[in-house]
Amino acid sequence: MANKKPSIPKGTRDFLPAEMQKRSYIFDTIKEVFQRYGYLPIETPAMENLSSLLGKYGEEGDKLLFKILNSGDFFSKIKNKDEESLITNKITPLISEKGLRYDLTVPFARFVVQHRNDISFPFKRYQIQPVWRADRPQKGRYREFFQCDVDVIGSNSLLNEVELILIIDDVFTRLGIETIICINNRKILYGIAEVIGEPDKVIDITIAIDKIDKIGLEKVNEELFQKGLSAEAIEKLQPIINLKGILKEKFPKLMEILKDSEIGLQGIEETMMVLRHLKDLDLDNKWRLDLTLARGLNYYTGAIIEVKAENSSIGSICGGGRYDDLTGIFGLPDVSGVGISFGADRIYDVMTEKNLFPNKSISTSKLLFVNFGKDEEKYCLPLLAKIRKAEINAEIYPDHAKMKKQMTYANNKNIPFVVLVGADEMRTGKLTLKNMQTGEQDKLPIDKIIEKIISISN
RNA sequence: GUGCUAGUAGCUCAGUUGGUUAGAGCAUCGGAUUGUGGUUCCGAGGGUCGUGGGUUCGAUUCCCAUCUUGCACCCCA
């Protein structure tokens with residue numbers, strides 16, 4: 001009798017038809033744009049070997065991986081069952097060798113290495129699938145969510161970076177979301193770390209200055225000090241973080257600062273190239289160079305991109321960058337890729353918040369046959385087939401229920417037309433067509449009904 | 001993983017300083033109307049008061065634990 005209420009795991013969601021319709025709208029729009037730019041779809045399994053996943057996302061990422069318990073009697077295979085060897089991180093490799101994917105980029109790198117002989121480079125692919133993270137859920141953060149990735153792999157050209165930004169601009173313009181696209185380059189960040197004499201602390205530095213908008217300059221400096229940066233290095237960093245002004249002024253200053261760092265200068269050059277193109281292209285969305293943009297994922301090496309919706313509490317809705325050696329870890333060195341990922345669920349949240357979904361009716365059915373009984377069913381079925389052949393979405397109520405019930409069904413499902421077929425209609429061949437919006441009724445033969453519905457829906 | 005908030009019908013929420021049968025609106029179902037929905041009127045079903053334990057004569061109410069939700073940190077789409 002244990003009649004427990006059914007539930008789903010923390011941070012996961014069911015989607016009702018009304019939500020699915022809106023989600024499909026987002027996915028369809030994104031897919032259409034991806035294809036417009038010449039990207040082709042792939043899919044990869046929900047689970048990967050843990051060895052493919054671990055160590056790719058940083059320490060924090062490893063913690064957030066969902067691990068899958070081995071099948072069978074794995075426990076008997078463990079030799080030492082004393083407490084010492086049962087500590088989580090020691091026992092994990094013994095009982096789990098698979099995990100749910102954390103993003104689509106790392107599985108893609110694995111995919112490219114594995115299928116290198118079946119694809120030709122540069123390889124442009126898109127991939128729309130769910131990913132899983134064992135994070136604490138909160139606003140705009142789920143444990144299962146969909147990413148829409150576009151990547152080009154096997155090309156060093158900065159044209160790819162430019163193209164991805166155009167895709168971002170295209171997608172958000174179509175969806176009606178006003179965004180700001182932030183652009184930076186990891187090489188500039190490396191350069192800065194080099195110049196201030198703390199090249200080993202790049203990650204700490206970037207993570208800290210990434211928070212400057214949120215916690216302010218003082219707290220950032222505090223955090224840097226705690227991470228072990230010398231006071232001198234922090235001092236040197238200040239003018240860089242505080243670089244103000246328009247691009248024309250920023251770049252010469254930055255070049256002066258980074259003049260002793262080869263990698264830093266390279267980063268500046270790359271970024272200037274990209275931005276110069278963007279200037280010519282007249283985007284609908286705002287964009288800017290943001291030296292405080294860092295992004296947490298370890299594998300980025302060049303350009304980094306992040307998109308935020310304007311005036312929204314939901315965090316970034318799209319992000320990405322260039323990774324020079326992701327395939328290297330899987331045994332294929334010297335292949336560079338760039339890619340971005342759209343967070344479909346956050347885009348959904350932003351669009352809900354700002355009421356940006358087009359208000360279409362939920363049902364796709366244009367017409368419902370009311371069911372009066374056995375003889376009438378028999379009479380209606382061929383007519384229904386005819387209507388469907390005319391490419392009109394239509395259905396018949398499956399039970400011989402009361403009129404009220406059937407009409408309510410049509411009403412709730414937003415079906416614009418109802419056809420009533422009883423003894424009278426069967427005798428004359430003229431069916432009663434009811435317009436659910438106006439309440440008007442006509443007696444028409446089936447061909448006229450088809451004509452009418454087609455003319456109205458066009 | 002850390003801190004804070006909350007959990008009462010399918011949904012949104014009342015309520016109880018610990019005391020018989022826990023309420024409303026919406027939704028659902030039925031009827032007024034056996035071939036006419038969206039508006040109206042009448043009625044019905046639905047709750048182990050998140051779960052487990054403790055204190056008490058008695059707990060939905062107090063205490064503890066746990067799960068879930070929301071928020072902040074961390075991190076991120």
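Fair warning: this is a prediction, and the values are worked out from it, not measured in the lab. Throughout, protein chains are lettered first and strands after them, A, B, ... in sequence-line order, and every chain is numbered starting at 1.
Note: NZ (A:Lys56) to P (B:C76) measures 17 Å, nearest angstrom. When the C1' atom of B:A77 is taken as reference, atom CZ of A:Arg23 falls 12 Å away, rounded to whole Å. Regarding A:Asp349, its CG atom lies at a distance of 20 Å from the P atom of B:C76, rounded to whole Å. For the pair A:Ile304 CD1 and B:C76 P, the computed distance is 11 Å after rounding to whole Å. Atom pair A:Lys404:NZ and B:C41:C1' shows a separation of 11 Å (rounding to whole Å applied). Atom CG in A:Asp135 sits about 13 Å away from atom P in B:C71, given to the nearest Å. Atom CG of A:Asp62 and atom P of B:C76 are 13 Å apart (whole Å). Look at CZ on A:Phe66: it is 14 Å from C1' on B:G1, rounded to the nearest Å.
A:Gln441 comes within contact range of at least one nucleobase, with a heavy-atom separation under 4.0 Å. Across all strands shown, A:Ala309 has no heavy atoms under 4.0 Å from either base or sugar-phosphate atoms. Contact annotation for A:Asp345: no contact, since no heavy-atom pair falls under 4.0 Å across all strands. Looking at heavy-atom distances under 4.0 Å, A:Gly61 makes no contact with the nucleic acid at all. Within 4.0 Å (heavy atoms only), A:Tyr142 reaches at least one base atom of the nucleic acid. Nucleic acid contact class of A:Glu376 (heavy atoms, under 4.0 Å, all strands): none. Using a 4.0 Å heavy-atom cutoff across all strands shown, A:Gly11 reaches sugar-phosphate atoms only and no base atom. Residue contacts shown for A:Ile317 are limited to sugar-phosphate atoms, with no base heavy atom under 4.0 Å away.
Geometric assessment of A:Arg23 against the ring of A:Phe15 yields a positive cation-pi assignment under the 6.0 Å and 45° thresholds. Relative to the six-membered ring of A:Phe108, A:Arg125 meets both conditions, a distance below 6.0 Å and an angle of at most 45° to the axis. Figure legend: cation-pi geometry between A:Arg133 and A:Phe66 absent, as NZ or CZ is not positioned both under 6.0 Å from the six-membered ring centre and within 45° of its axis.
Donor-acceptor pairing under 3.5 Å, judged by distance alone, is present between the side chain of A:Arg136 and the base of B:U2. The base of B:U36 sits within donor-acceptor range of the side chain of A:Lys434, with an N or O pair under 3.5 Å. Judged by atom type and distance alone, A:Arg141 does not reach the base of B:G70 through any side-chain donor-acceptor pair under 3.5 Å. A donor and an acceptor atom never sit less than 3.5 Å apart when one is taken from the side chain of A:Gln437 and the other from the base of B:G37. Checked by distance alone, A:Asn411 brings a side-chain donor or acceptor within 3.5 Å of a matching partner on the base of B:G37.
Aromatic rings from A:Phe369 and A:Tyr397 are positioned such that their centres are separated by 6.0 Å or more. Checked against the 6.0 Å centroid criterion, the rings of A:Phe34 and A:Phe342 qualify as a close aromatic pair.
Taking atom C1' in both B:A32 and B:U36, the straight-line distance is 15 Å, to the nearest Å. Distance check on atom P: B:C67 versus B:C73 gives 23 Å, rounded to whole Å. Distance check on atom C1': B:U21 versus B:U17 gives 23 Å, rounded to whole Å. When the C1' atom is compared between B:G35 and B:C41, the two are found 22 Å apart, to the nearest whole Å. Between B:G45 and B:U8, the two P atoms lie 23 Å apart (nearest whole Å). Spacing between B:A14 and B:U55 at atom C1', rounded to whole Å, works out to 28 Å. Going from the P atom of B:A77 to that of B:U2 covers 24 Å, rounded to whole Å.
For A:Phe372, counting side-chain heavy atoms from C-beta on, the closest listed nucleotide (B:G35, B:C76, B:C71) is B:G35. Among the nucleotides B:U36, B:G31, B:A77, the one closest to any side-chain atom of A:Met403 is B:U36. Checking B:G30, B:C76, B:C71 against every side-chain atom of A:Lys402, the shortest atom distance belongs to B:G30.
In this structure B:A65 sits in a base pair with B:U51, meeting the Watson-Crick or G-U test at under 3.5 Å. In this structure, B:U56 makes no Watson-Crick or G-U wobble pair, since no nucleotide meets both defining distances under 3.5 angstrom. With a cut-off of 3.5 Å on both pairing distances, the Watson-Crick or G-U wobble partner of B:G1 is B:C73.
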(Q) Working note: A:Phe417 + A:Leu368, criterion side-chain contact (heavy atoms from CB on, under 4.5 Å); need CA distance, chi angles, decisive distance, verdict. (A) CA-CA 6 Å; A:Phe417 291 97; A:Leu368 173 80; over 6 Å; no
Q: Could you give me the CA-CA distance, side-chain angles and deciding distance for A:Ile347 and A:Leu175, then say whether side-chain contact (heavy atoms from CB on, under 4.5 Å) is met?
A: CA-CA 9 Å; A:Ile347 291 173; A:Leu175 292 175; 3.8 Å; yes
Q) Given A:Asp149 and A:Gln129, is the side chain to side chain donor-acceptor pair (under 3.5 Å) satisfied, shown in steps? A) CA-CA 9 Å; A:Asp149 273 40; A:Gln129 288 191 278; over 6 Å; no
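For the pair A:Lys443 and A:Cys318, both in contact range of RNA chain B, the more 5′-proximal nearest nucleotide belongs to A:Lys443. Take the nearest nucleotide of RNA chain B for A:Thr12 and for A:Thr438: the residue whose nucleotide is more 5' is A:Thr438.
An OP1 or OP2 oxygen of B:U28 is reached within less than 4.0 angstrom by a side-chain nitrogen or oxygen of A:Asn412. Checking the phosphate oxygens (OP1, OP2) of B:A72, a side-chain nitrogen or oxygen of A:Gln138 falls inside 4.0 Å. Here A:Lys10 reaches the OP1 or OP2 of B:U68: one of its side-chain N or O atoms lies under 4.0 Å away. Here A:Lys63 does not reach the OP1 or OP2 of B:C75: none of its side-chain N or O atoms lies under 4.0 Å away.
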